[in-house]
Novice: 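Structure incoming, see below.
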Amino acid sequence: MPILTLTTDFGSKDGFVGTMKGVILGISPHVEIVDISHEIAPQGVREGAFTLWRAYAFFPLGTIHIAVVDPGVGTKRRAIAAQVNGHLFVGPDNGIFTFIINHPIYRESKPEFHHLNNHKYFLKDVSNTFHGRDIFSSVGAHLANGVPLSEMGPVINDPVLLPFTKPEKTDLGWKAHIAYIDHFGNCTTDLPASRKDNPDGISIQILGKKIKGLSTSYGDHAPGALIALIDSEGFIEIALVNGNAAEYLGASIDDIVEIINTKPKR
Amino acid sequence: MPILTLTTDFGSKDGFVGTMKGVILGISPHVEIVDISHEIAPQGVREGAFTLWRAYAFFPLGTIHIAVVDPGVGTKRRAIAAQVNGHLFVGPDNGIFTFIINHPIYRESKPEFHHLNNHKYFLKDVSNTFHGRDIFSSVGAHLANGVPLSEMGPVINDPVLLPFTKPEKTDLGWKAHIAYIDHFGNCTTDLPASRKDNPDGISIQILGKKIKGLSTSYGDHAPGALIALIDSEGFIEIALVNGNAAEYLGASIDDIVEIINTKPKR
Amino acid sequence: MPILTLTTDFGSKDGFVGTMKGVILGISPHVEIVDISHEIAPQGVREGAFTLWRAYAFFPLGTIHIAVVDPGVGTKRRAIAAQVNGHLFVGPDNGIFTFIINHPIYRESKPEFHHLNNHKYFLKDVSNTFHGRDIFSSVGAHLANGVPLSEMGPVINDPVLLPFTKPEKTDLGWKAHIAYIDHFGNCTTDLPASRKDNPDGISIQILGKKIKGLSTSYGDHAPGALIALIDSEGFIEIALVNGNAAEYLGASIDDIVEIINTKPKR
């Protein structure tokens, strides 16, 4: 039974996601559909790209991931399907797969991108406002039925990629950035923890606050303490124990986080 | 594997929907359950009716749709099951199926309504506050198991229907109404786009703002532009590019949208 | 096909729940996953405990319930798996299973608790921040595959239990407490309705307001009426017809609800 995931900015109120699932199950009755998120901020392509990247590799190889954060729906922006790292992806060509293409966790094969232009695998009537239903769900379901990617349209080599920050080496350590804020208010940075020079001797500056050292877990400190620790993807994260660090700090995506080596390695 | 959809005002916090799924899977272990929405406004029968109508026809024929927006639970309001357009419906008899009965997309057969009064297909203990669990989930699961509709109770011919607005012809064009506001803030009207007289020559007035012409897609205009376009069901919709039209306009359901033919057909 | 439920405070925005499902389906492809709630308040162990307790017994015997509200993740708090009343439970040992252990609806066998310390059934890399993914999903999926509970780690007899209020007998009736507030604003108490002395002759005092008698259903009174009735679990509940009682009363968990016998039984 193939697995098909959904990541959208459709919310859960309007029934748009249910409609997509109706289309999918009508074409591929035995597929297992899993929601990754439908609460991506409206038009939040980068947020959707990050969220899908963080989740996808925990699914079995061969999983089909449909991502629809699509402010350009109905314009000339391309629709694409891709194979990256043994997973299949379907969505608008607007950068939604940027982190998957650029941050490969493992690589089994060269990525492959196709421009979706074979109407045979779309719904009969394609609206200008809901390609999630009329194109992406339909194409994803046909892929789940075993239709090869090459049937979907011609190969392209220039998928849209979003710009994104990278941590920069400084004299004192690293200048990192907030890459994502989760619903607990935890602020993940773009700095892999493995790049810090000395686990015992760093301090962190963020929005006027200073944090000494890395903690092992949220529960190592009293409620209300501002701490840094290693997140579940191996990046440095800022958290407020039993609280919301982003609200406390007034933090936003791309805000600077300075990591300073206080006891440099010898 | 039969499909069973759920549409409720239960929200996602309290576990009520999970409980319904437990009941359903206990009776019909192989059914495929799909959520349409659980974020219908509390007691929002009309909103639930609209949301279910918009989604249902994208599911395969034979799908069972349970809808529970039910301020009258535990009173003498009837519980019903219905067959309309090749789909099955289960819920309170309070108008929740109005749009499905009145806006048929296709018609395979005469609608059929049954008053649910056969306790054999209910849970043993029926509360006065949670028929979604004790009656509707149980009946839906038995229907999924192939129990015929006629087993559920006697035929009735007077299901409750909600009043709802219809667009009115005016000297200058149409007086339409906002029929639904989605989580993006897009405002769908009750006017099918096919009824406008001239696609090139209309202007729209809504809450003191004027919109010239129909756009093809959201992305045809700069962010912040107030536009009108054809929604995914074929109705005229008001949108703010990359923004929230309903917030911008202060719009509510039933607000008037005037469509004016500026260049009448000859 | 075994059923596996999920109850967390992860929200629906970040994809954490989708990630858990990816892990589960990678290990146990045929399991049926059902969400109970992911909107438990952050770190709301007691709220999660109540929500899981209210839902679990409506699932078939043998269902596996994973619960992750886990402020102590990565500390020395134990991870546990349990068998209670014919259901299996997996989660942190922080009281999340308190109500299930203490409010048994039926008892088929003595509860059995195991300390999860067999890394063979964890993901290879275990983070300090996401045991929902690295331990609980993995263990739950192996249980779904039929691995016996005893394989997961040694028996323990001292699972953590949360303190919680109980109704107290008074001269005039009962002093009860608000046990849970649902998304409609209905306030459930900890007093089983069967304990009231006389259904016809009680009055209820809550936060300065007085309610006379028990109603049969929400719809028996006009919108806006503050009423008391019997909830779907058999406890006394305070509700505002077509409104939000908790907002109207300014009610919080543990607030006192006095039940007074106005016409004592003879």
Side-chain angles (χ1 to χ4, degrees), chain A residues 1 4 6 8-35 38-45 68-78 92-94 123-135 137-138 141 183, chain B residues 1-3 5-7 9 11-12 32-41 44 47-48 50-63 65 87 180-186 188 193 214-221 223 229-235 237 239-244:
Chain A
M1 193 162 51
L4 192 154
L6 301 177
T8 76
D9 64 348
F10 289 166
S12 47
K13 176 174 98 68
D14 303 313
F16 299 143
V17 174
T19 298
M20 289 178 66
K21 293 179 182 175
V23 170
I24 291 164
L25 292 170
I27 295 167
S28 183
H30 299 296
V31 74
E32 177 78 30
I33 305 173
V34 177
D35 298 306
H38 301 294
E39 306 298 333
I40 304 299
Q43 297 96 37
V45 178
V68 194
V69 182
D70 192 11
V73 59
T75 66
K76 287 188 195 245
R77 71 102 186 83
R78 295 181 298 198
D93 182 26
N94 62 9
L123 291 196
K124 227 179 300 176
D125 297 315
V126 174
S127 71
N128 278 325
T129 54
F130 196 1
H131 287 186
R133 181 189 68 189
D134 305 331
I135 296 181
S137 289
S138 178
H183 102 290
Chain B
M1 194 160 52
I3 299 170
T5 80
L6 301 178
T7 303
D9 63 348
S12 48
E32 177 79 30
I33 305 172
V34 176
D35 299 306
I36 290 180
S37 176
H38 301 295
E39 306 297 335
I40 303 300
E47 183 181 316
F50 189 93
T51 299
L52 178 57
W53 161 70
R54 189 169 48 188
Y56 91 99
F58 289 92
F59 286 83
L61 287 175
T63 296
H65 304 274
H87 292 251
Y180 186 79
I181 298 173
D182 73 20
H183 102 292
F184 294 103
N186 299 328
T188 296
L214 281 187
S215 300
T216 306
S217 68
Y218 304 115
D220 284 346
H221 295 263
L229 74 177
I230 301 176
D231 79 5
S232 55
E233 263 58 56
F235 291 79
E237 172 184 296
L240 192 73
V241 177
N242 285 15
N244 188 307

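Below, all heavy atoms of this structure are taken into account, side chains as well, without hydrogens, waters or symmetry copies.
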Novice: Which heavy atom of B:Asp231 sits nearest to which heavy atom of A:Thr129, and what is that distance?
Specialist: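 Shortest heavy-atom contact: C-OG1, 3.6 Å.
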Novice: Side chain, backbone, both or neither: which part of B:Phe50 has a non-hydrogen atom closer than 4.5 Å to chain A?
Specialist: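 Contact with chain A: none, neither part.
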Novice: If you compare all heavy atoms of B:Ile181 against all heavy atoms of A:Lys13, which two are closest, and at what distance to 0.1 Å?
Specialist: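 Smallest interatomic distance, heavy atoms only, reads O-NZ, 3.0 Å.
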Novice: Could you pull out the closest heavy-atom pair between B:His183 and A:Asp9, with the gap in Å?
Specialist: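 What the structure gives for the nearest pair is CE1-O, 2.7 Å.
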Novice: I need the A:Asp14 CG to B:Tyr180 OH distance, nearest 0.5 Å.
Specialist: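 Separation between the atoms: 3.5 Å.
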Novice: Minimum heavy-atom separation for A:Gly15 to B:Ala55, with atom names?
Specialist: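 Taking A:Gly15 first and B:Ala55 second, the nearest heavy atoms are O-CB, 4.2 Å.
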Novice: Under the criterion side-chain contact (heavy atoms from CB on, under 4.5 Å), which of A:Ile24, A:Leu25, A:Val17, A:Thr19 is the partner of B:Val34?
Specialist: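 Result for side-chain contact (heavy atoms from CB on, under 4.5 Å) with B:Val34: A:Leu25.
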Novice: Locate the shortest heavy-atom distance separating A:Gly18 from B:Phe59; write the atom from each residue and the value.
Specialist: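 So the two residues come closest at O-CZ, 3.0 Å.
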Novice: If I measure from the heavy atoms of chain B, does A:Pro71 come under 4.5 Å with its side chain, its backbone, both, or neither?
Specialist: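 Backbone plus side chain of A:Pro71, per the 4.5 Å heavy-atom cut-off to chain B.
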Novice: Give a yes or no answer on whether the side chain of A:Arg133 reaches the backbone of B:Ser232 with a donor-acceptor pair at less than 3.5 Å.
Specialist: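 Side chain of A:Arg133 to backbone of B:Ser232, a donor-acceptor pair under 3.5 Å: yes, one is there.
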Novice: Side chain, backbone, both or neither: which part of B:Thr216 has a heavy atom under 4.5 Å from chain A?
Specialist: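 Both the backbone and the side chain of B:Thr216 come within 4.5 Å of chain A.
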Novice: Of all of B:Glu237, B:Glu233, B:Glu39, which one pairs up most often with chain A through heavy atoms under 4.5 Å apart?
Specialist: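 Max contact count across the listed options: B:Glu39.
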Novice: For the atom pair CZ (A:Phe16) and CZ (B:Arg54), what is the distance rounded to the nearest 0.5 Å?
Specialist: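 Reported value, rounded in 0.5 Å steps: 4.0 Å.
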Novice: Testing the basics here: between A:Ser12 and B:Ser37, what is the closest heavy-atom pair and its distance to 0.1 Å?
Specialist: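 Here A:Ser12 and B:Ser37 meet closest at O-OG, 3.3 Å.
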Novice: Please rank A:Asp35, A:Ile27, A:Thr75 by heavy-atom pairs under 4.5 Å with chain B and give me the top one.
Specialist: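 When all of A:Asp35, A:Ile27, A:Thr75 are compared, A:Thr75 has the most.
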